[in-house]
S.K.: 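Below you'll find the structure I mean.
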2 protein chains.
Amino acid sequence: MAKSSNELLEALKSAGFRMTPQRTAICYVLSQRFDHPTAQSIYEQVRAEHPSLSLTTVYQTLDSLLKIGAITSLGNAGDDTIHFEVNTDPHINLACLTCHRICDLRSEAIHALEKEVQQAVGSKVLSGRVVYYSECLEKSNPLECTYHPSVNQEVVHG
Amino acid sequence: MAKSSNELLEALKSAGFRMTPQRTAICYVLSQRFDHPTAQSIYEQVRAEHPSLSLTTVYQTLDSLLKIGAITSLGNAGDDTIHFEVNTDPHINLACLTCHRICDLRSEAIHALEKEVQQAVGSKVLSGRVVYYSECLEKSNPLECTYHPSVNQEVVHG
DNA sequence: TCCTACCTTGTAATGATTACAATATAACAA
DNA sequence: TTGTTATATTGTAATCATTACAAGGTAGGA
Ligand SMILES: [Mn+2]
Ligand SMILES: [Mn+2]
Ligand SMILES: [Zn+2]
Ligand SMILES: [Zn+2]
């Protein structure tokens, strides 16, 4: 359910933004990651192929994507750093306060909940955050991610 | 459903924290406010009666209350400032991105949603944030607050 | 190919939050 | 009540994610 790289790029393009190698790379990385990455974390990954990339560009691109609603901001996960949401389908996010990783949890109730919000504020709802904080069970047994179980293997606790 | 001043103080006391005039005043202000105040905003209000109060003390007290779970953090509301939650009953929060005020919305679906979270992560759920971002309808007609409609009158947009 | 408005980059500024150390005081016991 | 001590408060300095800025680079249309 996460947006593809092309969907993100197309969203930028049709909003009047130019196509650049940096934006292309950033959108690609965004589309590949299901851990709700931070700007710094995206920066480090993209820099591997674009050594001249500036952190400012990452922030600027994320801000553009936010403004057109292609992604949203989930706030922090116990670190003091903004985590970005690429999956705009309604769901619950589970954040681990130890490893600061966030994973998705499928939800049935979320649809009824969003209906309640719509009824209360009408069409003015811009975005939402549904985040629950917890701890991974074990160092070797992090929070289960019902959307992308594979990312569960990458966690390393301090 | 918000905690009373005494409940907050009692929570601190039984957690081994000392009673001080500053903490008493901060807890009182917290119990009276339904707008999910920031540290700065609490500071300004308490300072009216305790002119020597330090902003650091407000942060420290809020941190203590957070640690014992008496309050939670809702994150920011478009400003870059943490808003605190005194009402720990399950509910939806509506944040206005213009005036950065947050109000509560009663919800039926939230109970089913929290049940889903419990089943997924067990007893390890520490706290949650359910926040939807919107805009007040009019300068004179802010977001309706189903818990405390009276606070709706205090909003001033820029 | 040329133009120009938009983008990227490096660096500096911002501002909420936290760290620190000196002073004050709540809580407990004598 | 008084003394003791661990904890709290305060003022100031440091932190650090994010934003602002200005100079040079480039996408995209003519
Ligand atoms: Mn998510
Ligand atoms: Mn609330
Ligand atoms: Zn973890
Ligand atoms: Zn408003």
Side-chain angles (χ1 to χ4, degrees), chain A residues 8-29 36-44 46-47 49-68 71-84 97 100 102, chain B residues 8-29 36-44 46-47 49-68 71-84 97 100 102:
Chain A
L8 292 172
L9 285 168
E10 205 49 51
L12 282 173
K13 198 170 193 175
S14 64
F17 290 96
R18 291 181 180 171
M19 305 302 282
T20 70
Q22 292 89 342
R23 283 175 180 166
T24 304
I26 291 167
C27 287
Y28 177 73
V29 165
H36 308 77
T38 65
Q40 177 72 38
S41 137
I42 293 165
Y43 171 61
E44 285 163 8
V46 176
R47 228 157 103 89
E49 296 177 14
H50 286 259
S52 72
L53 182 74
S54 159
L55 181 55
T56 302
T57 298
V58 177
Y59 275 109
Q60 183 270 340
T61 299
L62 289 169
D63 194 53
S64 300
L65 288 165
L66 281 174
K67 275 180 181 145
I68 65 179
I71 64 175
T72 66
S73 161
L74 269 192
N76 74 67
D79 45 4
D80 294 304
T81 313
I82 294 172
H83 289 252
F84 293 90
L97 289 173
H100 309 134
I102 302 175
Chain B
L8 292 173
L9 285 167
E10 205 50 50
L12 282 174
K13 197 170 193 174
S14 63
F17 290 96
R18 292 179 179 174
M19 305 302 281
T20 70
Q22 292 88 340
R23 283 177 179 165
T24 304
I26 291 167
C27 287
Y28 177 73
V29 165
H36 308 77
T38 65
Q40 177 72 36
S41 138
I42 294 165
Y43 171 61
E44 285 164 10
V46 177
R47 228 158 104 91
E49 297 177 15
H50 287 259
S52 72
L53 181 75
S54 160
L55 181 55
T56 302
T57 298
V58 177
Y59 274 109
Q60 183 271 340
T61 299
L62 289 170
D63 194 53
S64 300
L65 287 166
L66 281 174
K67 277 180 179 145
I68 66 179
I71 65 176
T72 66
S73 162
L74 270 192
N76 75 66
D79 45 4
D80 295 303
T81 313
I82 294 171
H83 289 253
F84 293 90
L97 290 173
H100 309 133
I102 303 175

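Throughout, a chain's letter reflects where its sequence line sits, starting with A, and its residues are numbered from 1.
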S.K.: To the nearest Å, how far apart are A:Y43 OH and D:dA17 C1'?
M.R.: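 Whole-Å distance recorded here is 14 Å.
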S.K.: Tell me, please, which residues at least two apart from A:S64 pass side chain to side chain contact (heavy atoms under 4.5 Å, CB included).
M.R.: A:L12, A:F17, A:Q60
S.K.: Working to the nearest 0.5 Å, report the span between CG of B:L65 and SG of B:C27.
M.R.: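 Nearest 0.5 Å value for the CG-SG distance: 5.0 Å.
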S.K.: Do the side chains of B:L62 and B:I82 get nearer than 4.5 Å, heavy atoms only?
M.R.: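 They are not in side-chain contact.
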S.K.: Search all heavy atoms of A:S41 against all heavy atoms of A:P37 and return the closest pair with its distance.
M.R.: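 Closest pair (atom of A:S41, atom of A:P37, distance): OG-CB, 3.7 Å.
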S.K.: With a cut-off of less than 4.0 Å, is there a side-chain N or O of A:R23 near OP1 or OP2 of C:dT8?
M.R.: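 Checking C:dT8 against A:R23, a side-chain N or O does come within under 4.0 Å of OP1 or OP2.
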S.K.: Rounded to the nearest Å, what distance is computed from the CG atom of residue A:L9 to the C1' atom of nucleotide C:dC7?
M.R.: 15 Å
S.K.: To the nearest 0.5 Å, tell me how far B:T38 OG1 sits from B:Y43 OH.
M.R.: 12.5 Å
S.K.: Specify the separation, in whole Å, of atom CD of B:Q22 and atom C1' of D:dG11.
M.R.: 14 Å
S.K.: Under the 3.5 angstrom rule, does the side chain of A:R47 hit a backbone N or O of A:S52 as a donor-acceptor pair?
M.R.: no
S.K.: For residues 53-65 of chain A, which residue pairs qualify under salt bridge (Lys or Arg N to Asp or Glu O under 4.0 Å), counting only residues two or more places apart or in two chains?
M.R.: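 Found A:D63-A:K67.
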S.K.: To the nearest 10 degrees, how far apart in direction are the end axes of the helix from C:dT1-D:dA30 to C:dA30-D:dT1, each fit to five base pairs?
M.R.: 40°
S.K.: Nearest whole angstrom, please: distance from the C1' of C:dT9 to the CZ of A:R47.
M.R.: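 After rounding, the reported distance stands at 12 Å.
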S.K.: For B:I102, enumerate each residue passing the side chain to side chain contact (heavy atoms under 4.5 Å, CB included) test, keeping only those at least two apart in sequence or located in another chain.
M.R.: B:H36, B:L74, B:A77, B:H83, B:N93, B:A95
S.K.: Nearest whole Å is fine: how far is D:dT26 P from A:H50 NE2?
M.R.: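 Rounding to the nearest Å, NE2 of A:H50 and P of D:dT26 are 13 Å apart.
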S.K.: Please list, pair by pair, any protein nitrogen or oxygen found under 3.5 Å from a nitrogen or oxygen in nucleotides 27-30 of chain D.
M.R.:
unit_1: D:dA27; atom_1: O3'; unit_2: A:M19; atom_2: O; d: 3.2
unit_1: D:dA27; atom_1: N3; unit_2: A:R18; atom_2: NH1; d: 3.3
unit_1: D:dG28; atom_1: OP1; unit_2: A:M19; atom_2: N; d: 2.9

S.K.: Report the residues that fulfil side chain to side chain contact (heavy atoms under 4.5 Å, CB included) with A:Y59, sequence neighbours left out, ordered by chain and then residue number.
M.R.: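 Scan of A:Y59 (side chain to side chain contact (heavy atoms under 4.5 Å, CB included), adjacent residues dropped) gives A:A39, A:L55.
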S.K.: Decide yes or no for A:L66 and A:F84: does some side-chain heavy atom of the first lie under 4.5 Å from some side-chain heavy atom of the second?
M.R.: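 Yes - at least one pair of side-chain heavy atoms lies under 4.5 Å apart.
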S.K.: Given atom CD of B:Q40 and atom P of C:dT18, what is their separation to the nearest angstrom?
M.R.: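 The answer, rounded to whole Å, is 14 Å.
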S.K.: Does the pair A:V46 and A:V58 meet the rule for a side chain to side chain contact (heavy atoms under 4.5 Å, CB included), with working shown?
M.R.: CA-CA 9 Å; A:V46 176; A:V58 177; 5.8 Å; no
S.K.: Using side chain to side chain contact (heavy atoms under 4.5 Å, CB included) as the criterion, list what pairs up with B:T57, not counting sequence neighbours.
M.R.: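 Partners of B:T57 by the side chain to side chain contact (heavy atoms under 4.5 Å, CB included) criterion, ordered by chain and then number, come out as B:Q22, B:I26, B:L53, B:S54, B:T61.
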S.K.: Once side chain to side chain donor-acceptor pair (under 3.5 Å) is applied, do any residues pair with A:E10, and if so which ones, sequence neighbours excluded?
M.R.: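 A:E10 satisfies side chain to side chain donor-acceptor pair (under 3.5 Å) with no other residue.
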S.K.: Quick one, which residues of residues 55-66 of chain A touch DNA chain D with a heavy atom under 4.0 Å?
M.R.: A:T56, A:Y59
S.K.: So what does B:T38 hit on the nucleic acid, given a heavy-atom distance under 4.0 Å: a base, only sugar-phosphate, or nothing?
M.R.: nothing
S.K.: I'd like to check the side chain to side chain donor-acceptor pair (under 3.5 Å) partners of B:T72; sequence neighbours left out, ordered by chain and number.
M.R.: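 Residues passing side chain to side chain donor-acceptor pair (under 3.5 Å) with B:T72: none at all.
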S.K.: Can you tabulate the close N/O pairs, meaning under 3.5 Å, that link protein atoms to atoms of nucleotides 13-15 of chain C?
M.R.:
none

S.K.: Between B:Q40 and B:T81, is any pair of side-chain heavy atoms under 4.5 Å apart?
M.R.: no
S.K.: So which atom in A:T20 and which in A:R23 form the shortest heavy-atom distance, rounded to 0.1 Å?
M.R.: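 Smallest heavy-atom distance, with atoms named: OG1-N, 3.0 Å.
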S.K.: Give, ordered by number, those residues of residues 75-82 of chain B having at least one heavy-atom distance below 4.0 Å to an atom of DNA chain D; if nothing qualifies, reply none.
M.R.: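 Nothing qualifies; none.
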